[in-house]
Amino acid sequence: MMNYESLIEEALMQMPKGAFLTTGDTPNVMTIGWCQFGIVWGKPVCTVFVRESRFSHECIKHGYFTVSVPENGTMTEALKGCASCSGRDINKLEKFSLELMPHKSENAVDGIKGCSIFFECKVISQTEMDVNSTDNTILNHHYIEVNGKKDMHTIYFGEILNCYKA
Ligand SMILES: Cc1cc2nc3c(=O)[nH]c(=O)nc-3n(C[C@H](O)[C@H](O)[C@H](O)COP(=O)(O)O)c2cc1C
C-alpha cells in the first residue's frame, strides 16, 4: 500500500468540491464532501458520513467502501450528477458514463475510473449521530426533518486497506 499520509493533502484539497463514494455488491456511487483521515485503533482510517435517507446507507451494509478522489477541479459534471439522483431509482454509473476501477484488496469495492486517488476501506466501526448531543447551530444548519425525524448521518470508520494514485 502506498504511504497514505502523502495522499491526504491532495485528497483534502479536492474534498469540498466532492469525491465519489462507492458502496455495495453491485457498486452504487454517490458524491461526498465530508471525509476524515487519521489514525484510530492503531490503524489508518478514513471516516465518511452517510445520511440515513441515502441508498448508499443500505449499500454500505456490505461492509466495505471506496473513496475515489478526482484530480483537483475535474469531473465536475459527474460529481454534480451523482449528487442529484439516487441509486434507488437509477444506475448512476450508466447515466453518467462512469467506469469502475477494479479494486485491488480482497473484498473491497471498485472505485471510479478517471479519478486520481483511491482509498479502499473496510468498515471496522460505525455510529449513529446523536441528536441530543449535537450543537444546535449544526442541527439547524445541516439537519432537516424527514418524516418527523432529523435525517442524521451515520459515521463509518473505514480501515484503509489500500490506497494508490491512478
Ligand atoms: C458536494 C456534495 C457533497 C455531498 N456530501 C455528502 C455526504 O458527505 N454525505 C451524504 O450522505 N450525502 C452527501 N451529498 C448528497 C448525496 O450525494 C446525494 O444525496 C446522492 O443523491 C445520494 O445518492 P444515493 O441515494 O444513491 O446514495 C453531497 C452532495 C454534494 C453536492
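Worth knowing before you read on, the calculation uses all heavy atoms, side chains too, and leaves out hydrogens, waters and symmetry mates. Count residues from 1 along the sequence. Each ligand, and each atom within it, is numbered from 1 in the order the structure gives. Quick caveat: nothing in here was measured; it's all calculated off a predicted structure.
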Exceeds 12 heavy-atom contacts within 6.0 angstrom, atom CD of E9: no
Short side-chain donor-acceptor distance under 3.5 Å, H103 and Y64: no
Subset of ligand 1 atoms that lie under 4.0 Å from at least one heavy atom of C85: 20 (C), 21 (O), 23 (O)
Winner among F55, F20, W34, F49 once heavy atoms are compared against atom 7 (C) of ligand 1: F49
Protein contact of atom 20 (C) of ligand 1 - nearest heavy atom, named by residue and atom, plus distance: C82 O, 3.6 Å
Element-labelled atoms of ligand 1 that are located less than 4.0 Å from some non-hydrogen atom of M30: 9 (N), 10 (C), 11 (O), 12 (N), 22 (C), 23 (O), 27 (O)
Neighbour count >12 (heavy atoms, 6.0 Å) for atom CD1, I144: no
contact_flag C59 ligand 1 heavy-atom lt 4.0 Å: no
Heavy atom of the protein closest to atom 25 (O) of ligand 1 (residue, atom name, distance): S86 OG, 2.7 Å
Atom CD of E128: over 12 foreign heavy atoms under 6.0 Å: yes
Under 3.5 Å: N/O of G87 near N/O of ligand 1: yes
Heteroatom distance test (R54, ligand 1): nitrogen or oxygen, under 3.5 angstrom: yes
L79 and ligand 1 - part of the residue with a heavy-atom distance under 4.0 Å: neither
Whether H153 and W34 hold their rings parallel, tilted or perpendicular, with breakpoints at 30° and 60°: tilted
Nearest neighbour in protein (non-hydrogen) for atom 5 (N) of ligand 1: G33 N, 2.9 Å
Minimum heavy-atom distance between V48 and I32, given as atom pair plus value: CG1-CD1, 3.9 Å
Heavy-atom closest contact (V123 atom, Q126 atom, distance): CG1-OE1, 4.1 Å
Listed pairs under 3.5 Å, donor-acceptor, residues 113-121 side chains, sequence neighbours left out:
{"from": "S116", "atom 1": "OG", "to": "E10", "atom 2": "OE2", "distance (Å)": "3.1"}
{"from": "E120", "atom 1": "OE1", "to": "K104", "atom 2": "N", "distance (Å)": "3.2"}
{"from": "E120", "atom 1": "OE1", "to": "S105", "atom 2": "N", "distance (Å)": "2.8"}
{"from": "E120", "atom 1": "OE1", "to": "S105", "atom 2": "OG", "distance (Å)": "2.5"}
{"from": "E120", "atom 1": "OE2", "to": "K104", "atom 2": "N", "distance (Å)": "2.8"}

Residues T154 and H57: side-chain donor-acceptor under 3.5 angstrom: yes
Sub-4.0 Å heavy-atom contact, K92 with ligand 1: yes
Nearest protein heavy atom with distance in Å, relative to atom 16 (C) of ligand 1: T31 O, 3.7 Å
Flag if over 12 foreign heavy atoms under 6.0 Å of NZ, K150: yes
V50: numbered ligand 1 atoms lying under 4.0 Å from its heavy atoms: 11 (O)
Whether G18 lies under 4.0 Å from ligand 1, heavy atom: no
Protein contact to atom 30 (C) of ligand 1 [nearest heavy atom, distance to 0.1 Å]: A83 CB, 3.8 Å
Nitrogen or oxygen atoms of R88 and ligand 1 under 3.5 Å apart: no
Run the side-chain donor-acceptor check on residues 79-91: report pairs under 3.5 Å with partners two or more places apart or on a different chain.
{"from": "S84", "atom 1": "OG", "to": "G81", "atom 2": "O", "distance (Å)": "2.7"}
{"from": "S86", "atom 1": "OG", "to": "R88", "atom 2": "N", "distance (Å)": "3.1"}
{"from": "R88", "atom 1": "NH1", "to": "S53", "atom 2": "O", "distance (Å)": "3.2"}
{"from": "R88", "atom 1": "NH2", "to": "S53", "atom 2": "O", "distance (Å)": "3.1"}
{"from": "N91", "atom 1": "OD1", "to": "L93", "atom 2": "N", "distance (Å)": "3.0"}
{"from": "N91", "atom 1": "OD1", "to": "E94", "atom 2": "N", "distance (Å)": "3.2"}

Closest approach of any protein heavy atom to atom 27 (O) of ligand 1, naming residue and atom: S56 OG, 2.6 Å
Numbered atoms of ligand 1 (with element) below 4.0 Å of N28, judged on heavy atoms: 24 (P), 26 (O), 27 (O)
